[in-house]
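One structure below.
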Amino acid sequence: MLRTRNLLVAALAVFGAASAQTGGGARDKRLVFSTYHGGDRNDDAQAVAVDAAGNIYVTGETESRDLKADPVGGKPLGAAVFKGYLTKYAPGGKEVLWRKLIGGSSNTVPRAIALDNQGNVHVAGTTGARDLPLVRPVQDRQTGLNIAFLMKFNPAGELLFSTYFGGDRNEEGLAAAVDSQGNIYMAGRASSANLPVKNAIQSAIAGGGQDGFIVKYTPDYRLAYATYFGGTSGTDNIHAIATGPDDSLYVAGETMSPGLATRGAYIADAQSYSSFVAKIEPAGGAVSYFTYIGWKGGYTSARGLAVDSQCRAHVSEHTTSQQLPVTPNAIQPAFTGGLRDAFLLRLNAAGSAAEHLTYLGGSTRGAADPDETAGSVKIDSHGHVYIAGETSSPDFPGRRMAQSIHGGAQDAYLIRLDLDNSQIIYSTFWGGGKKDTAAAVALGPGEAATIVGESYSEDLPLSAPVQSRLGSANDAFVTQICDPWLGAYPGAAFAYVTGSQAGPEAQSVEVYSGCNQPFDAVTEVVSDRPWLKADPNRPAVPLTLKLTADPTGLAPGEYKAVVRVTIQEAFLRTLEIPVTVTVIEPPPVDAAPAASAQSETAVHRQ
């Protein structure tokens with residue numbers, strides 16, 4: 001039993017109930033930065049990505065005339081009302097490194113963003129412009145009314161690849177992804193009957209006036225395949241795509257078409273208005289599974305999609321159904337009121353069963369917009385699930401909130417879930433006194449989560465903003481929260497031979513939180529005997545512990561101690577670092593050689 005505590009106080013952390021309240025007040029230490037993004041007219045943010053170094057890429061649409069940006073291609077843009085933008089922020093949102101305007105002589109709207117392993121950024125969207133800047137295009141003409149486009153930029157903002165994709169009517173690029181080999185995917189919806197299909201799963205539009213589409217480009221910008229994806233009734237579209245560990249492509253969207261489910265699917269029959277999830281083999285030649293996502297008593301929309309390391313698809317958005325067959329481990333087992341609740345579904349790897357299905361919502365009915373949405377979902381290295389959306393409900397489930405007050409008619413929210421243990425790690429509102437919505441979330445570096453969206457509020461909570469005022473009736477916003485998750489490396493183990501003049505060499509252990517900002521820490525050593533000393537180099541995590549062992553007087557054997565590091569802001573506040581010292585008896589002295597030498601000397605003297 002542990003009997004003696006050797007307490008080394010590195011700092012006293014007082015967390016209290018600090019939260020980022022609208023209109024001022026104490027700021028939560030987990031808030032990295034929060035800023036407006038926009039100009040003198042309407043702006044929004046549609047998508048966000050974060051690279052390995054922590055640089056943040058945001059894309060969306062702008063009507064502003066004074067947004068400082070360089071037009072892609074170098075020439076001034078035409079008289080289009082809507083233009084796209086791509087902004088790169090330095091890590092921590094400290095500054096805008098560069099901003100590009102995307103467009104031409106007609107409206108252009110980016111909808112999706114994806115990064116590859118080299119840090120190149122890909123933007124997909126819709127344009128009516130016939131003069132987009134093109135680089136190595138697969139399709140060099142805008143042949144319809146509005147068609148899809150795809151662009152690839154290097155980290156410096158230079159355009160590497162740009163192409164149209166579409167037919168003679170309307171196509172929208174709504175989703176983008178890049179696999180581990182650098183293949184580029186774009187998906188969305190199409191109404192043209194003459195898409196430039198190749199190696200297609202479905203070579204013609206199936207009916208109903210609108211189908212989804214999927215297109216894949218190789219790393220050297222050749223068309224690998226292009227296909228329709230839909231059924232015979234109503235409309236079908238794809239809102240989200242993601243690649244799995246084996247480079248299979250997962251797609252999610254909405255459908256009114258029956259008869260598409262594969263054998264053994266989780267839901268085999270479509271409701272009046274359903275959604276779906278499908279998995280496509282890496283080569284694109286076949287559908288591994290297709291399951292509907294929809295339940296009786298209402299319609300269901302699926303617009304968020306992520307895939308974990310076990311090939312399990314996670315799907316989110318909203319539903320009006322009050323009859324979801326929630327799983328026993330559901331975080332919120334019941335519909336809570338209003339017109340719509342958000343939902344989260346985790347499928348098994350085969351797409352044949354729900355491993356987790358839960359509502360997420362409050363009781364308030366929105367005046368015009370959905371009560372709750374969950375349009376973006378991501379999964380971190382712990383397997384935790386992050387969802388960004390919007391809510392009209394002051395009683396939306398919250399925990400460890402960075403902003404505890406529902407500010408306006410609608411607020412954005414960010415929630416982090418541990419599905420394996422059916423618990424909310426944190427859930428927070430984000431907004432001011434008017435309408436605020438979150439369109440997307442991106443993860444990294446470490447434990448950071450960045451949300452982007454649209455704000456009508458002059459009092460949006462800000463921290464270290466690049467832009468501190470709302471530029472017009474509505475601007476985009478960018479907010480990053482880093483929720484600490486304690487860890488340490490390497491482990492520590494000492495060895496000591498009794499009777500040695502010198503003790504074991506000191507060892508260093510790095511304690512990290514997954515965040516760059518400091519969190520006040522308390523360090524203590526717990527041991528049955530006071531043989532271990534821990535000296536932190538600073539009173540806050542991240543820190544370096546210098547561990548010194550003094551096993552003098554200990555009998556041979558193994559002794560264990562624990563170094564505890566505690567920060568109040570973390571979900572799991574205390575990290576326990578095990579330390580051992582092994583005390584060894586010295587090897588026995590062998591007297592035989594000395595005796596032999598004496599015998600030889602005696603013989604010689606004779």
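When a residue number appears, it is its place in the shown sequence, counting from 1. For clarity, every value in this text was computed on a predicted model and none was experimentally measured.
In this pair, His37 and Tyr85 present their aromatic rings parallel. The plane angle is below 30°, not in the 30 to 60° band. Between Tyr426 and Tyr386, the ring planes are perpendicular. Angles over 60° get that label, and only those under 30° would be called parallel.
Here CG of Asp483 is found 7.0 Å from SG of Cys515. Values are rounded to the nearest 0.5 Å. Atom CZ in Arg136 sits 9.5 Å away from atom CG in Leu160 (nearest 0.5 Å).
Judged by distance alone, the side chains of Gln139 and Thr163 never bring a donor and an acceptor atom under 3.5 Å apart.
Between Arg416 and Asp380 there is a salt bridge, since a side-chain N of the basic residue sits under 4.0 Å from a carboxylate O of the acidic one. For the pair Glu158 and Lys152, the salt-bridge criterion is not met [side-chain N within less than 4.0 Å of a carboxylate O]. Between Arg303 and Glu254, at least one side-chain N (NZ, or NE/NH1/NH2) sits under 4.0 Å from a carboxylate O, which counts as a salt bridge. Taking the charged nitrogens against the carboxylate oxygens, Glu569 and Arg400 have no contact shorter than 4.0 Å, which rules out a salt bridge.
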Q: Mind running side-chain contact (heavy atoms from CB on, under 4.5 Å) on Val215 and Tyr225 for me, showing each step along the way?
A: CA-CA 6 Å; Val215 58; Tyr225 70 76; over 6 Å; no
(Q) Walk me through whether Thr127 and Asn107 qualify under side-chain contact (heavy atoms from CB on, under 4.5 Å). (A) CA-CA 6 Å; Thr127 185; Asn107 292 343; over 6 Å; no
Q | CA sep, side-chain torsions, deciding dist, call: Ser64, Asp43, side chain to side chain donor-acceptor pair (under 3.5 Å) | A | CA-CA 7 Å; Ser64 293; Asp43 304 272; 2.8 Å; yes
Q) Given Phe429 and Tyr413, is the ring-ring contact (aromatic ring centres under 6.0 Å, His included) satisfied, shown in steps? A) CA-CA 4 Å; Phe429 298 119; Tyr413 72 83; 8.3 Å; no
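Within 6.0 Å of CZ in Arg130 there are more than 12 heavy atoms belonging to other residues, nucleotides or ligands. Shown here is Asp308, whose CG atom has more than 12 heavy atoms of other residues, nucleotides or ligands within 6.0 Å. Atom NZ of Lys100 is surrounded by more than 12 heavy atoms from other residues, nucleotides or ligands within 6.0 Å.
Exactly one residue among Ile56, Val441, Thr59, Thr87 makes a side-chain contact (heavy atoms from CB on, under 4.5 Å) with Val48. That residue is Ile56. Here the rule is ring-ring contact (aromatic ring centres under 6.0 Å, His included) with Phe213, and of Phe229, Tyr228, Phe165 only Phe165 fits it.
Contact check for Asn146 versus Glu171: no side-chain heavy atoms found under the 4.5 Å cut-off. Between Asp411 and Gln403 the shortest side-chain heavy-atom distance falls below 4.5 Å. Contact check for Val511 versus Thr544: no side-chain heavy atoms found under the 4.5 Å cut-off. Annotation: side chain of Ser162 is not in contact with side chain of Pro133 (no heavy-atom distance under 4.5 Å).
For Leu174, the side chain to side chain contact (heavy atoms under 4.5 Å, CB included) partners are Arg111, Glu172, Arg189, His239, not counting sequence neighbours.
Nearest heavy atoms, Ala412 versus Phe477: CB-CZ, 4.2 Å. Across every non-hydrogen atom of Gly431 and Pro461, the tightest pair is O-CD, 3.4 Å.
Aromatic ring centroids of Tyr57 and Phe153 lie 6.0 Å or more apart.
Tyr36 contributes a side-chain N or O that, together with a main-chain N or O of Glu458, makes up a donor-acceptor pair within less than 3.5 Å. The backbone N or O of Gly230 lies less than 3.5 Å from a partner atom in the side chain of Gln202, making a donor-acceptor pair.
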